[in-house]
There are 2 protein chains.
Amino acid sequence: MAREMVRQGGRSARIQSEVHRTVRDMLKTMDRGAITVPMIAEKSGVTPSTIYRRWGDLSELLADVAVARMRPVADPEDTGAMGSDLETFILQYAEEMSSKVGRSMLADVLGSMEGAAAGRCCQFTYDHLETLRERALTRGEKAFDVSEAIDAVIAPIIYHILFRDRELTIDYCRSLVSRFLEKCAGA
Amino acid sequence: MAREMVRQGGRSARIQSEVHRTVRDMLKTMDRGAITVPMIAEKSGVTPSTIYRRWGDLSELLADVAVARMRPVADPEDTGAMGSDLETFILQYAEEMSSKVGRSMLADVLGSMEGAAAGRCCQFTYDHLETLRERALTRGEKAFDVSEAIDAVIAPIIYHILFRDRELTIDYCRSLVSRFLEKCAGA
DNA sequence: CGGCTAACGCTAAAAAATTGCGTTAAGGTG
DNA sequence: CACCTTAACGCAATTTTTTAGCGTTAGCCG
């Protein structure tokens, strides 16, 4: 059979979720640099070789867990207008990403070169913004461009989180959003 | 003696530069995931324990090398006007950072949590922009704000390099600069 | 139900990381 | 300049992590 077969149920799935859960637990209580594959294996009740074979590497596993955590469970909140929709989403986004776990997830996602972790993760952001845009269009509002929103709002937030060169206050995030919306309206 | 003593000359410095050179060489010819501390040690003529004791970790060593490479050797080129100064600098910056080695340096710098690698590296960018700003002021031009330049131009470039969600063309970088300069002029 | 094989466990071997201890050589001092 | 202190290194033993072979288990399909 030529088709590549990938099991997605039963034991395989059970192990994946158990390992993921273990990693999430460990990230809460201990330092990321102290986590090792054998430790994860023991706490999950799995052999290390299973983890190595399946994920290849600690950084790949961490990236996989991070992407799974970032995967949104619901659409962004509908506040009734595009401006408040965007602001609400951005404030929540900034708070999540700048938290300790958020920072860790970002580092993990960017730390894996092999998988498409980074791409998948920023796709989530793109989709959310696209949802807001379509919602605005449905309302008859003049909607923003998603790529421009990423450049004007998301990119600065991520930059400052990664390089720790500026405190990410609520006011600052709000000003990013409002300046972006003004520019849209003026165009 | 209470004062912390750090040796900076002689053998210690020789080893540092030798190890750095070895790492740079290896990054050119082989994949980053394949580089190990014992390999670096052998090629540098040093024992692994020396590297572990001094840098603590492979990722810390890579970050150290990356920061050293990013340290600018000269001020940005003076083209006679602020607009062209900024565009010239940004285009060069984008090309360096989006190259294979640039991407690797970024990943290495962001991969080390301990040291202040990320902070030092983005300080270089800040300093360069500050130089351009002061140069503009000296000429009597209406200068841009450095923090705003980072948000509007640098951050998007870094974002797209890290997440690989968009091709970083010359035209795109130029449009970031020109839009930023227009916004400055209009303010 | 029965065959196929992806995915796992176990174990041994290889590689990497850690640690103790003696030695070398910066950098300061009399 | 000779001497002293100790940061930084080399070496080697130990521990831990990673890799690889091989038999076994259990999804998925006909």
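What you see below is based on every heavy atom in this structure, not just the backbone, and it leaves out hydrogens, waters and symmetry mates. All values reported here derive from a predicted model rather than from experimental measurement.
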Counterpart residues, side chain to side chain donor-acceptor pair (under 3.5 Å), relative to E77(B) (two or more places apart): none

Spacing between W55(B) atom CH2 and dT18(C) atom P, to the nearest angstrom: 15 Å

All N/O donor-acceptor pairs, side-chain side in residues 29-39 of chain B, below 3.5 Å, sequence neighbours left out:
from: R32(B); atom 1: NE; to: D108(B); atom 2: OD1; distance (Å): 2.6
from: R32(B); atom 1: NH2; to: D108(B); atom 2: OD1; distance (Å): 3.0
from: T36(B); atom 1: OG1; to: M39(B); atom 2: N; distance (Å): 3.3

For I51(A) and dT19(D), give me the distance from atom CD1 to atom P, rounded to whole Å. 13 Å

Could you state the CZ-P distance from R14(A) to dG27(D), rounded to the nearest angstrom? 6 Å

Under 3.5 Å donor-acceptor pairs involving side-chain atoms of residues 56-66 of chain A, not counting sequence neighbours:
from: D57(A); atom 1: OD1; to: S59(A); atom 2: N; distance (Å): 2.9
from: D57(A); atom 1: OD1; to: S59(A); atom 2: OG; distance (Å): 2.9
from: D64(A); atom 1: OD2; to: H20(A); atom 2: NE2; distance (Å): 2.9
from: D64(A); atom 1: OD2; to: W55(A); atom 2: NE1; distance (Å): 2.9

Taking ring-ring contact (aromatic ring centres under 6.0 Å, His included) as the test, write out the residues that go with F89(B), two or more places apart. Y93(B), H128(B)

Expressed in angstrom and rounded to an integer, what is the separation of D57(B) atom CG from dA16(C) atom C1'? 12 Å

Indicate yes or no for a side-chain donor-acceptor contact from T138(A) to the backbone of E134(A) under 3.5 Å, with no hydrogens or angles considered. yes

List the protein contact pattern of nucleotides 9-17 of chain D with one symbol per nucleotide (5' to 3'): B for base contact, S for sugar-phosphate-only contact, - for none; contact means a heavy-atom distance under 4.0 Å. SBB-----S

Could you give the CD-to-P distance, from E42(B) to dA16(C), as a whole number of Å? 10 Å

Any salt bridge (Lys or Arg N to Asp or Glu O under 4.0 Å) pairs touching residues 79-90 of chain B, not counting sequence neighbours? D85(B)-R135(B), D85(B)-R139(B), E87(B)-R174(B)

What integer distance in Å separates I35(B):CD1 from dA15(C):P? 18 Å

